[in-house]
K.L.:
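My structure is below; once you've seen it, I'll send some questions.
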Protein chains: 2
Amino acid sequence: MKLIEREVVTALRRHGYKLTPQRRLVIQTVVSTQNHLTPIALYERVHQVYPNIGLVTIYRTLEILAKLKLICEVHAGGSCGSYLLKRPLEHHHHLICSECGAVVDFTGCDLSQLEQRLSLETGFEINDHLLEFIGLCQACQKEAT
Amino acid sequence: MKLIEREVVTALRRHGYKLTPQRRLVIQTVVSTQNHLTPIALYERVHQVYPNIGLVTIYRTLEILAKLKLICEVHAGGSCGSYLLKRPLEHHHHLICSECGAVVDFTGCDLSQLEQRLSLETGFEINDHLLEFIGLCQACQKEAT
DNA sequence: TATATAAATGATAATATTTTTCATTTAGAA
DNA sequence: TTCTAAATGAAAAATATTATCATTTATATA
């Protein structure tokens with residue numbers, strides 16, 4: 001089992017959730033893809049290994065993983081409602097390929113200065129932000145030629 | 001008619017779309033709110049003035065306005081599928097109140113340096129980005145006390 | 001290891017959202 | 001004013017998500 005998979009499993013159990021074969025499979029599938037997946041895409045993959053699984057179980061598992069902040073939702077390029085493993089641990093953002101859905105994480109974007117400026121200018125109490133870049137990954141650039 | 005409303009109307013006609021009373025009302029409604037609106041919220045408002053309008057017309061009008069880039073979609077804080085007038089003209093971003101849905105536009109965030117860095121590091125060809133801040137507007141902060 | 005129990009599952013139905021279809025109406029050009 | 005392509009609204013269809021509930025199962029504990 002991958003280290004990161006074990007971390008997810010551990011987090012689940014620490015919060016009192018049972019580790020069923022279905023959940024294990026969903027986690028394995030999410031861990032082993034770099035792409036963002038919709039619940040249905042995830043279902044299709046898991047279904048091939050475990051044909052008896054219900055789509056509801058996917059939704060429920062995603063809900064738990066989201067609550068525990070083990071996955072992130074992506075939005076850019078019409079991808080709302082797609083999820084992606086949150087490769088721990090720090091605050092990070094995503095660079096998304098509009099063609100194949102591959103996601104690269106990045107850190108080191110300091111928005112705090114901007115945040116402070118906006119707070120001052122608008123009086124908002126800023127709690128969170130959403131930053132995504134969208135483009136073509138190297139592989140998809142080559143294919144496009 | 002507000003200046004900005006006229007601009008939207010003009011853009012519609014320039015692209016060969018007819019200006020129906022329904023479309024005019026949808027536009028008026030979008031122009032006159034600072035909040036982001038779901039198709040259904042928009043429908044409810046327009047419906048009060050024009051009870052005969054169909055929800056489909058809302059969807060179709062939003063589709064056109066989005067295609068002409070006259071409105072923006074917002075995402076942060078579970079607001080996917082909500083729209084907002086694109087107050088012209090420059091590239092800008094949004095600061096969204098999670099309580100009341102009010103949106104404040106801001107410019108002057110230069111991501112191009114970061115974009116360049118990411119391009120170099122990852123080989124991505126970056127085409128677009130999504131940046132939103134979410135928080136509480138002044139009014140909602142006061143109410144919360 | 002066997003048992004008890006609360007939690008999880010999957011089938012089904014219910015809800016919600018968005019799109020399609022199509023007959024009728026209408027904006028705007030001629 | 002007339003004509004025609006475009007737009008509308010009603011209805012149905014397609015999608016996506018959530019709720020209900022009887023059955024099964026993971027796991028704590030005897």
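Proteins get letters first, then strands, A, B, ... in listed order; numbering begins at 1 in each.
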K.L.:
Expressed as a whole number of angstroms, how long is the span from A:R24:CZ to D:dT27:C1'?
P.N.:
13 Å
K.L.:
Ignoring hydrogens and angles, are the base of C:dG28 and the side chain of B:R13 linked by a donor-acceptor pair under 3.5 Å?
P.N.:
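It does not, because no donor-acceptor pair links the side chain of B:R13 to the base of C:dG28 below 3.5 Å.
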K.L.:
Any side-chain donor paired with an acceptor under 3.5 Å for B:D105 and B:H93?
P.N.:
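No, because no side-chain N or O of B:D105 sits under 3.5 Å from a partner of the opposite role on B:H93.
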K.L.:
When you check the phosphate oxygens OP1 and OP2 of C:dA27, does a side-chain N or O of B:R23 lie under 4.0 Å from one of them?
P.N.:
no
K.L.:
Starting from C1' on C:dT12, measure out to CG on A:N52 and report it in whole angstrom.
P.N.:
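So the CG-C1' distance, A:N52 to C:dT12, works out to 15 Å.
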K.L.:
Give a yes or no on whether a salt bridge exists between A:E63 and A:K67, defined as a side-chain N under 4.0 angstrom from a carboxylate O.
P.N.:
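Salt bridge: no.
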K.L.:
How many Å lie between CG on A:L19 and C1' on D:dT27, as a whole number?
P.N.:
11 Å
K.L.:
Remember a base hit wins even if backbone is also touched, and classify A:Y50 as base, sugar-phosphate or nothing at under 4.0 Å, heavy atoms.
P.N.:
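A:Y50: backbone/sugar contact only, no base atoms under 4.0 Å.
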K.L.:
Check whether any side-chain N or O of A:T57 sits under 4.0 Å from OP1 or OP2 of C:dG10, and answer yes or no.
P.N.:
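Checking C:dG10 against A:T57, a side-chain N or O does come within under 4.0 Å of OP1 or OP2.
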K.L.:
Check every strand shown and say whether A:R60 touches a base, only sugar-phosphate, or nothing at a heavy-atom separation below 4.0 Å.
P.N.:
base
K.L.:
Does the side chain of A:Q28 pick up a donor-acceptor pair with the side chain of A:R45 at under 3.5 Å?
P.N.:
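Side-chain D/A pair, A:Q28 to A:R45: absent.
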K.L.:
Please state whether the phosphate of D:dA6, meaning OP1 or OP2, lies under 4.0 angstrom from any side-chain nitrogen or oxygen of B:T20.
P.N.:
no
K.L.:
What nucleotide among C:dT19, C:dA8, D:dA7 has an atom nearest to a side-chain atom of A:K18?
P.N.:
C:dA8
K.L.:
Measuring from the side chain of B:V56 (C-beta onward, heavy atoms only), which nucleotide among D:dT17, C:dG10, D:dG9 has the closest atom?
P.N.:
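Taking heavy atoms from C-beta onward, the closest nucleotide is D:dG9.
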K.L.:
Roughly how many Å is it from OH in B:Y59 to C1' in C:dA16, rounded to a whole number?
P.N.:
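It is 9 Å, rounded to the nearest whole Å.
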K.L.:
Is the shortest side-chain N/O distance from A:Q22 to OP1 or OP2 of D:dT25 below 4.0 Å?
P.N.:
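No, because none of the side-chain N or O atoms of A:Q22 sits under 4.0 Å from OP1 or OP2 of D:dT25.
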K.L.:
Separation of B:H15 atom NE2 from D:dA5 atom P, in whole Å?
P.N.:
22 Å
K.L.:
Over 60° means perpendicular and under 30° means parallel, so tell me whether A:H92 and A:H94 are parallel, tilted or perpendicular.
P.N.:
perpendicular
K.L.:
Figure out the CG/P separation between B:L62 and C:dT19, and round it to whole Å.
P.N.:
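Going from CG in B:L62 over to P in C:dT19 covers 10 Å.
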K.L.:
Please report, rounded to the nearest Å, how far the C1' atom of C:dA13 is from the CG atom of A:L55.
P.N.:
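Spelled out: CG on A:L55 to C1' on C:dA13 is 14 Å.
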K.L.:
What does B:P51 touch in the nucleic acid at a heavy-atom separation under 4.0 angstrom: a base, only the sugar-phosphate, or nothing?
P.N.:
nothing
K.L.:
Rounding to an integer number of Å, can you tell me how far B:E63 CD sits from D:dA6 P?
P.N.:
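Those two atoms, CD and P, are 15 Å apart.
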K.L.:
Nearest to the side chain of B:P39 - D:dA6, D:dA16, C:dT18?
P.N.:
C:dT18
K.L.:
Do the side chain of B:R23 and the main chain of B:K18 share a donor and acceptor less than 3.5 angstrom apart?
P.N.:
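Confirmed, B:R23 side chain pairs with B:K18 backbone.
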